[in-house]
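To start, the structure under review is shown below, and the notes come after it.
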Amino acid sequence: MPDVDPVILDPVIHAAARLRITATLASIPVGDRIVFPRLQELLDMTAGNLSTHLRKLEDAKYVTVTKSHQGRSPVTYLELSTRGRRAFEDYTDALRALLGEHS
Amino acid sequence: MMAILRDQQQRVDRALLAPVPWLLFVWGVAWLVGYLLLWSAWPAGNPWFQIPVLAAGAGFGVLMAASIATSAVMGMRINRGVTGVSDFAGTVYGLSWSVCGFAFFALGSGLAANGASPELLSIYFPSAFGLMAGTLYLAGAALWRDRGQLVLGIVMLAVSSVAPFAGQPGNNLVMALAGGGALLAGAAAMWVRRGRSHA
C-alpha cells in the first residue's frame, strides 16, 4: 500500500478545470514556460475562466506566473512550480490508489 | 477524475504531435519523387524515359529545399508558446540540419576535387544525406523521447548504408522506394493510429 491516505485528495487540484490545467502544465518539461493564449488553446477554456482558476493555483503556489513584454504587448508565462508538480504527482498517486490501481 | 485527467493528457499529446505525420509525408514524397528523378537522369537508370541531368538535379534540389523549409515551419509551430530551457536543445537541433548538410556537401566536393567520378559521387551524395537524416532523427528521438523518430532514423541508416551495393544508378531507386516508402508508411501508420484513438 502507498503511504498516502487515499481518501485525501488535494482540494486545489480536485476540480475538473484545475485538474486539466495542472495536467497540461505538467506535460511541459521542467524549466519551460507556456504563454497564456497557447495554454488557453490547449484547454479550450475562456480567458476569464482560465484566469480565475490560475489565480487559485497561483495562490496555492502551485503555478508560477511571469509577466514580461514583447514589444508593446504584455505576455504572461505560466509554469508549474516544484511544489505544484509534486502536488500533481501526489494527486495522481492518490487517485490511482483510490481506484485500486497500482502505480 | 481519472477520465478527465487522461482525456486532457491525450489532447495535449495530440496537439503537440499532430504535425509529425505531415512531416513524414512531406519528406516521403520528396525522397520518392526526388530520387526517382535522379535515377531517371542516368542512361542505365529508368528504362521507360530519361530526363536531363540538370533538370533532375534542379528538381531534387527544389524538393529538398521545400522539405527543409516545411519541417522548419512545422517544428516552430509544435513548440509555439513554450519557452525556457528547451529553447537551447531546439535551436541546436534545428541548426544541426543545415550545419550537417553543409558538412556532408563539403566532403562530397572534396572527393570531387580529388578526382571522384560523377558515378562515384552519385553513390556518395544520396547515402551521405540519408545517413545524416538518419543520425539526426536518432538525436530527435533521444531529445523528445519519440519512438516514431527512432524507427525512422534506424530505417534511414539501414537504407542509406545498403543502397550503394545496388550499384549506380540503382542506388537512387533503393533510396526512392525503400527510403521514401518507409517515410510514407510511417506517416500512414501514425494517421491510422490517431484515427483509432479518436474513435
Side-chain angles (χ1 to χ4, degrees), chain A residues 6-7 9-45 50 53 64 66-68 70 75-81 87-103, chain B residues 1-23 71-96 136-150 190 193-194 197-199:
Chain A
V7 187
L9 287 167
D10 189 337
V12 180
I13 298 179
H14 193 65
R18 288 197 294 276
L19 174 59
R20 291 180 62 226
I21 295 170
T22 317
T24 307
L25 289 175
S27 72
I28 294 162
V30 179
D32 276 359
R33 304 173 294 177
I34 189 167
V35 293
F36 186 90
R38 177 68 168 144
L39 179 64
Q40 197 190 338
E41 191 182 296
L42 289 172
L43 288 160
D44 200 14
M45 285 168 77
L50 179 55
H53 287 296
T64 310
T66 319
K67 290 190 195 278
S68 112
Q70 215 165 54
V75 193
T76 306
Y77 292 101
L78 304 147
E79 69 187 304
L80 222 50
S81 64
F88 176 69
E89 279 161 18
D90 287 346
Y91 178 87
T92 47
D93 282 351
L95 195 60
R96 283 207 188 92
L98 199 62
L99 295 170
E101 287 181 26
H102 298 283
S103 51
Chain B
M1 287 315 260
M2 206 62 193
I4 292 171
L5 177 63
R6 288 206 176 119
D7 233 46
Q8 183 60 25
Q9 280 169 338
Q10 269 175 15
R11 194 188 160 112
V12 172
D13 280 349
R14 262 207 302 275
L16 296 182
L17 295 178
V20 175
W22 283 103
L23 260 176
S71 37
V73 170
M74 284 180 178
M76 279 189 279
R77 279 188 63 80
I78 292 177
N79 262 333
R80 75 183 190 283
V82 179
T83 56
V85 289
S86 70
D87 287 357
F88 180 75
T91 309
V92 170
Y93 184 75
L95 286 174
S96 301
L136 286 173
Y137 276 125
L138 290 188
L143 269 177
W144 294 288
R145 288 175 226 109
D146 178 9
R147 290 215 180 90
Q149 288 190 58
L150 178 65
M190 286 193 82
R193 207 168 31 178
R194 177 146 335 129
S197 72
H198 261 308

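Lettering follows sequence order; numbering is per chain, from 1.
R20(A) places no side-chain N or O within donor-acceptor distance of the main-chain N or O of L5(B), the cut-off being under 3.5 Å.
Side-chain contact check for D44(A) versus R11(B): some heavy-atom pair is nearer than 4.5 Å.
Here L43(A) is the residue among V30(A), L99(A), L78(A), L43(A) with the most heavy-atom pairs under 4.5 Å with chain B.
For A15(A), the part lying near chain B is the backbone, with the side chain staying farther off; criterion is any non-hydrogen pair under 4.5 Å. Heavy-atom distances place both the backbone and the side chain of L42(A) under 4.5 Å from chain B. With a threshold of 4.5 angstrom between heavy atoms, E79(A) does not approach chain B through any atom at all. Looking at F36(A), there are no atoms closer than 4.5 Å to chain B (heavy atoms on both sides), in backbone or side chain.
L9(A) CG to M1(B) CE: the interatomic distance, rounded to the nearest 0.5 Å, is 8.0 Å.
Test V82(B), T83(B), V85(B) against R33(A) for side chain to side chain contact (heavy atoms under 4.5 Å, CB included) and you get one pass: T83(B).
In this structure, A15(B) and R38(A) approach most closely via the heavy-atom pair O-NH2, 4.4 Å.
Under the 3.5 Å distance criterion, with hydrogens and angles disregarded, no donor-acceptor pair is assigned to the side chains of S27(A) and Q9(B).
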